[in-house]
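Note that ligands are numbered from 1 as they come in the structure, with each ligand's atoms numbered from 1 the same way.
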Amino acid sequence: MSGNTVRLNAISSIIATPPVKAGFDYVNSPTSEVWGKNVFSLNQMAQRLPKGVFKSLKKTITSGEPLDLSTADAVAEAMKTWAISKGATHYAHVFYPLTGLTAEKHDSFYDPDGDGDTIATFSGSALVQGEPDGSSFPNGGIRQTNQARGYTIWDVTSPAYITENPNGTTLCIPTAFVSWTGESLDKKTPVLRSMQALNEQTQRVLKFFGTDGAFVSSTAGAEQEYFLIDDNFFYARPDLLACGRTLFGSPPPKGQEFDDHYFGAIPERVQAFMFEVERECFKLGIPTKTRHNEVAPGQYEIAPVFEFANVATDHQQLVMTTLKKVATKYGMTALMHEKPFAGVNGSGKHVNFSMGSSDSGNLFDPGDTPAENAQFLVFCCAMISAVYKHSKLLRAVVASASNDHRLGANEAPPAIISIFLGDELNEIMQSIAYAGDVKSKKTTLSVGVDVLPPIPMHSGDRNRTSPMAFTGNRFEFRAVGSNQSIAGPMVAMNTIMAEALDEAATFLENTDTSTTEKLGEAVAKYVGKVWANCSSVVFNGDGYSDAWHEEAAHRGLPNLRTTADALDALKEQKVTDLFSKYGVLSEREIDSRYEVYAEQYIATVNVESNLVVEMAKTMIFPAAIRYQGELANSLANLKAIGIETDHGTISQLTDLIKKLQDSVGELETMKDGEHNCADVAAHCMFVKDEILPKMLEVRSYVDALEEIVADDHWPLPTFQEMLYIK
Ligand code: ADP
Ligand code: MG
C-alpha cells in the first residue's frame with residue numbers, strides 16, 4: 001500500500017459526502033423562540049420560585065450575600081422540575097480547572113426509593129456543593145492526593161443550563177472548584193474575587209463624580225478565531241490528533257498572499273456549521289453576534305455581544321465546547337490551537353475589556369460633558385498606569401507553549417506589552433499632562449473641568465498591531481491565545497485596574513476636590529502624574545516593525561518572547577503583593593499557578609517532541625527510504641541499458657535522510673537528559689533553548705523531504721489539502 005492511501009481516501013470521502021442538513025428551520029422555529037430556552041434564567045426562577053425565595057436568591061446574585069440552605073432547597077427543587085421537563089436525567093457540577101479546560105462530574109437525579117422504585121431527588125446541598133474526586137486536576141502543590149478533597153460550589157451569578165445530547169440532556173451548574181482548605185483550584189474563583197476588588201476601588205473613584213452605587217463589573221467580549229478542517233484529514237494526522245497542531249508540513253503553494261479569504265464568502269458547508277453553532281449558543285443564552293472568514297484559508301471567527309466578566313468567561317468556554325461539538329456533526333474538526341499550521345496566520349482571542357454598571361454606564365466611554373470626560377480620563381489613566389506597572393504580568397497570563405508560536409510572529413501583537421491610544425487621545429493626554437509645564441511647547445491648556453478638552457467618541461482609529469488597543473469605548477487585549485480561557489486575562493485586568501484605581505482614589509482623596517474647578521485640577525494633576533511616570537508604555541505606531549523592538553528596548557519595556565521567560569513574572573514580589581492585597585489570590589495560590597503553568601509548558605512540548613520522534617521514524621523515514629529505493633532502482637536500470645543520468649535528486653534525498661536520522665537521534669538523547677534539570681524553571685529553559693530548536697531542525701528536514709519525495713509516498717495530508725478541501 002502506498003503512503004498516500006489515507007490521503008486519497010480522505011479526499012474521495014470528502015467529495016462523496018453530501019452536505020449535512022441540520023434538523024431545524026428558521027421559519028417554523030425562529031431564533032426568538034429558541035433564545036435562552038436551555039437556561040434556568042432569572043425569568044424562569046421568577047416564574048417557578050415562591051416570591052420570598054426568589055427575592056432572597058436575587059439578593060445573593062446581585063450583592064453576593066450568602067445563600068441560606070432553605071432557599072437553596074427551594075431553588076434546587078424548582079431547578080430539578082424544570083430540568084426534568086427538558087428531559088434531563090442527570091445534573092453536573094461544571095468547573096474550570098487550571099488546565100483552562102472545562103470539567104464536569106455527572107450525577108443522576110434518580111435514587112432507589114427502597115420499595116423497588118426510583119425517585120428523583122435534588123437537594124439544596126447537592127445544588128450548592130459537590131465533591132468531585134479532583135485529585136487528577138493540576139493543583140500546583142496545594143493538594144496532595146492523600147487529601148484529595150476538592151469541592152465544587154455553585155456560582156449563583158452564572159445561570160444553570162441544559163446541554164443536549166442525541167440521547168439525553170444534562171443540567172449543568174457552573175461552580176467554583178476549591179480545596180478543602182478553601183484555596184482556589186480553578187479559574188472561576190479568582191475571577192469572582194477580582195470583580196469584587198475592582199468594584200470596591202471603582203466605587204471610591206466614582207464618589208467624586210456622583211455616579212457611585214450599583215455594582216461596577218468588568219465586561220468582556222471575546223472574539224474567537226479558529227480553523228476548520230475535514231475530519232478525514234484530522235484523523236490522518238497524529239500530530240493534529242495529539243497536539244492540536246501540525247508538527248511538520250511545508251507551506252501551501254497558495255497561502256494568504258492574495259488576501260482573498262478575509263471577509264470573503266463563507267463556504268456553504270462552513271456556513272451550515274455556523275448556523276448550527278449560533279443556534280446552540282442562542283439556546284444557552286450566549287449572544288453570538290458576528291461571524292466571518294479570517295485572514296488565513298480555512299480560518300474563521302465568532303464573536304458574541306459582551307457580557308459581565310464572570311458570565312462572559314463561562315460563556316466563552318461554552319462557545320469553544322460548542323464549536324468543537326457542532327464541527328464533529330458536520331464532519332469537521334474545529335482547531336482552537338494558536339498555530340496549527342506554521343507559515344499560515346495563527347489564531348487569537350481578542351478580549352475586549354471595559355467596566356461599568358447600569359448607573360455609571362461604560363466607564364471607558366468618553367462622555368459628552370466635561371465632567372464625564374474628567375471621569376473617563378481618570379479611568380483611562382488608571383489603565384495606562386496598570387498596564388505600565390504590570391506589563392510582565394499581562395504577558396504571563398497569555399503565556400503558553402502554543403501561544404508562543406504566535407506572539408511576535410508579525411501577525412499577532414509582539415511579546416512587548418504596550419497600549420495604543422490613538423493620536424487624538426494621545427494628544428489630549430499630553431496637553432493635559434504638560435499644561436502646567438512652562439518648558440513644554442505643548443502648553444495650550446489651563447486646567448479645570450470646564451476646560452478639559454472634548455474627547456472624540458469612537459475615534460475610529462484601529463491598530464491591529466497593538467496588544468492592548470483602545471478602540472473608542474473599550475480596550476482590546478489582542479495577545480490572548482485562541483485556545484486559552486479568558487479567565488486569566490480577566491483576573492489580571494480586574495486586579496491591576498483595582499490597584500490603579502485604588503491609587504487614583506487615594507490621590508483624589510488627598511487632593512482638594514471641594515469644587516468642580518478643584519476637581520478638574522485634581523484630575524489634571526492625576527493625568528500629569530500618570531503620564532510622567534507611565535507614558536512609555538503608550539505606543540501608537542506599528543507594533544510589527546523592527547523599529548518598535550528597538551524603541552521598546554530603549555524605553556526599557558520588557559520583551560518576553562517565550563513562556564519560559566514570561567512565567568517568572570508570577571514569582572515577582574509586586575505580583576504576589578498585588579494579588580494578596582486585593583484578596584484575589586493568596587501567595588500559595590499564585591505559587592501553585594506558576595507550578596501548574598510551567599508544568600503544562602513542559603508537558604505540552606514533551607508530547608510534541610515524542611511525536612516528532614515517532615512520526616519522523618515511522619512515517620517520514622519509511623516514505624523517504626521507499627522513494628530512495630525507487631530512484632536507486634531506476635538509476636540502476638538506466639545504467640544497465642547504458643544511460644548515465646544526473647544523481648542530483650537521489651543525492652539530495654540521501655543527504656536529507658541522513659540529516660533526519662541524525663537530528664532525531666540527537667533529539668532523543670536530549671530528551672533522555674531532561675530529567676537532569678534542577679527545577680521547573682530550569683526545565684522550562686531547557687525545553688525552550690534545547691528541545692524546541694531541535695524539533696524545528698528535524699522539521700526542516702521533513703519539510704524539505706516533503707518537497708522532493710514522490711507524492712504517492714507521502715503519508716501526511718498536506719497543508720494545501722487540509723486548508724482548501726472542504
Ligand atoms: P472588531 O473585529 O472590529 O474588533 P467585533 O465586532 O468582531 O469587532 O468585536 C468587538 C467585540 O467587542 C464584541 O464582542 C463586542 O461585544 C465587544 N464590546 C463592545 N463593547 C464592549 C464593552 N463595553 N466591553 C466589553 N466588550 C465590548
Ligand atoms: Mg476584532
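Near Glu301, meaning under 4.0 Å from one of its heavy atoms, ligand 1 places the atoms 7 (O). Atom numbering of ligand 1 starts at 1 in the shown order; those under 4.0 Å from a heavy atom of Pro304 are 13 (C), 14 (O), 15 (C), 16 (O). Atoms of ligand 1 found under 4.0 Å from any heavy atom of Val305, numbered from 1 in the order shown, are 16 (O).
Contact between Glu476 and ligand 1 is present, with at least one heavy atom of the residue lying under 4.0 Å from the ligand.
With respect to Arg193 and Glu589, a salt bridge is recorded, a charged nitrogen being found less than 4.0 Å from a carboxylate O. Taking the charged nitrogens against the carboxylate oxygens, Asp404 and Arg245 have no contact shorter than 4.0 Å, which rules out a salt bridge.
At a 3.5 angstrom cut-off on N or O pairs, Asn473 does not count as close to ligand 1. For a threshold of 3.5 Å applied to N or O pairs, the pair formed by Arg474 and ligand 1 contains at least one separation below that value. Polar contact with ligand 1: present for Phe306 (N/O pair, distance under 3.5 Å).
Under the salt bridge (charged side-chain N to carboxylate O under 4.0 Å, His left out) criterion, Lys329 pairs with Glu276, sequence neighbours left out. Residues meeting the side-chain hydrogen bond (donor to acceptor under 3.5 Å, both in side chains) test with Thr322, sequence neighbours left out: none.
Neither the backbone nor the side chain of His350 comes within contact range of ligand 1; no heavy atom lies under 4.0 Å.
Taking each of Asn352, Thr219, Val351 in turn, the one with a heavy atom nearest to atom 12 (O) of ligand 1 proves to be Asn352.
Minimum heavy-atom separation, Thr175 to Lys188: O-CD, 3.4 Å.
No option in Tyr724, Phe227, Phe341 other than Phe341 meets the ring-ring contact (aromatic ring centres under 6.0 Å, His included) test with Phe719.
Looking at heavy atoms from C-beta onward, Ile302 lies out of side-chain contact with Met274 at the 4.5 angstrom threshold.
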